[in-house]
Chemist: 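Before we start, here is the structure in question, set down as structure tokens.
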Amino acid sequence: LKERMGPMIQLVMEVEEAADRSKHASLQAQGEDDERSRSRSTSLPRPTASSGPAVEISRAQPLVEQFAASWKTTIDAINLDVMGSFHNMKTGMEILKRTLTQLLLYYTRFLEIIKKFCPDSA
């Protein structure tokens with residue numbers, strides 16, 4: 001799957017990892033703010049958490065276009081690769097099903113990233 005959809009998978013992984021780091025840093029900062037406010041009698045305004053990492057449209061747009069142009073041939077190629085590698089039809093079909101499910105999950109996550117971090121393109 002990485003061989004055929006590597007750039008999209010890489011973008012998803014990078015953005016999700018950056019979002020996790022950002023969320024962790026935000027929670028850590030919030031905890032420090034809570035500790036400071038407990039030690040003071042007046043409350044200080046909390047900084048707002050960032051919405052997550054930015055995704056440049058110049059990076060995402062080619063991936064969207066490439067997926068739109070090649071998804072059918074990519075699925076056909078995956079089908080040929082998997083079914084050609086396993087002589088047992090049942091095993092091949094199970095692996096193909098899992099591979100295509102994984103592709104669908106990555107694509108769904110990719111679309112969520114595009115909608116969230118590239119609102120002008122949605």
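For reference, positions follow the sequence shown, starting with 1. Quick note: numbers below take in every heavy atom, side chains included, and nothing from hydrogens, waters or symmetry partners.
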Chemist: If the condition is side-chain hydrogen bond (donor to acceptor under 3.5 Å, both in side chains), which residues does Gln102 pass it with, not counting sequence neighbours?
Modeler: none
Chemist: Do NZ/NE/NH1/NH2 and the carboxylate oxygens of Glu94 and Lys90 come within less than 4.0 Å?
Modeler: no
Chemist: Take Thr101 and Leu105 through the side-chain contact (heavy atoms from CB on, under 4.5 Å) test and state the conclusion after the steps.
Modeler: CA-CA 6 Å; Thr101 298; Leu105 292 172; 4.2 Å; yes
Chemist: If you measure from CD1 on Ile113 to OG1 on Thr108, what distance do you get to the nearest 0.5 Å?
Modeler: 11.0 Å
Chemist: Within a reach of under 6.0 Å around CZ of Arg98, are more than 12 heavy atoms found that belong to other residues, nucleotides or ligands?
Modeler: no
Chemist: Within the side chain of Ser22, is there an N or O that forms a donor-acceptor pair under 3.5 Å with the backbone of Ala18?
Modeler: no
Chemist: To the nearest 0.5 Å, tell me how far Thr73 OG1 sits from Arg4 CZ.
Modeler: 8.5 Å
Chemist: To the nearest 0.5 angstrom, please state how far the OG1 atom of Thr74 sits from the CD atom of Gln66.
Modeler: 6.5 Å
Chemist: Starting from the C-alpha separation in whole Å, work towards a yes-or-no answer on side-chain contact (heavy atoms from CB on, under 4.5 Å) for Thr99 and Asp81.
Modeler: CA-CA 11 Å; Thr99 303; Asp81 286 348; over 6 Å; no
Chemist: Nearest 0.5 angstrom please: Ile95 CD1 to Asn88 CG, how far?
Modeler: 9.0 Å
Chemist: Mind checking the CE-OH spacing from Met13 to Tyr106? Nearest 0.5 Å is all I need.
Modeler: 4.5 Å
Chemist: Start with the C-alpha distance between Phe67 and Met5, add both sets of side-chain angles, then the distance that settles side-chain contact (heavy atoms from CB on, under 4.5 Å), and finish with yes or no.
Modeler: CA-CA 8 Å; Phe67 187 89; Met5 292 292 173; 3.6 Å; yes
Chemist: Please assess Leu80 against Asp76 for the test side-chain contact (heavy atoms from CB on, under 4.5 Å), listing each intermediate value before the final yes or no.
Modeler: CA-CA 6 Å; Leu80 287 173; Asp76 287 342; 5.6 Å; no
Chemist: To the closest 0.5 Å, what do you measure between CG (Leu63) and OH (Tyr107)?
Modeler: 11.0 Å
Chemist: List in chain and number order the residues that pass side-chain hydrogen bond (donor to acceptor under 3.5 Å, both in side chains) with Glu65, two or more places apart in sequence or in another chain; answer none if no residue qualifies.
Modeler: Gln61
Chemist: Tell me the closest heavy-atom pair linking Leu96 and Val82, and the distance in Å.
Modeler: N-CG1, 3.8 Å
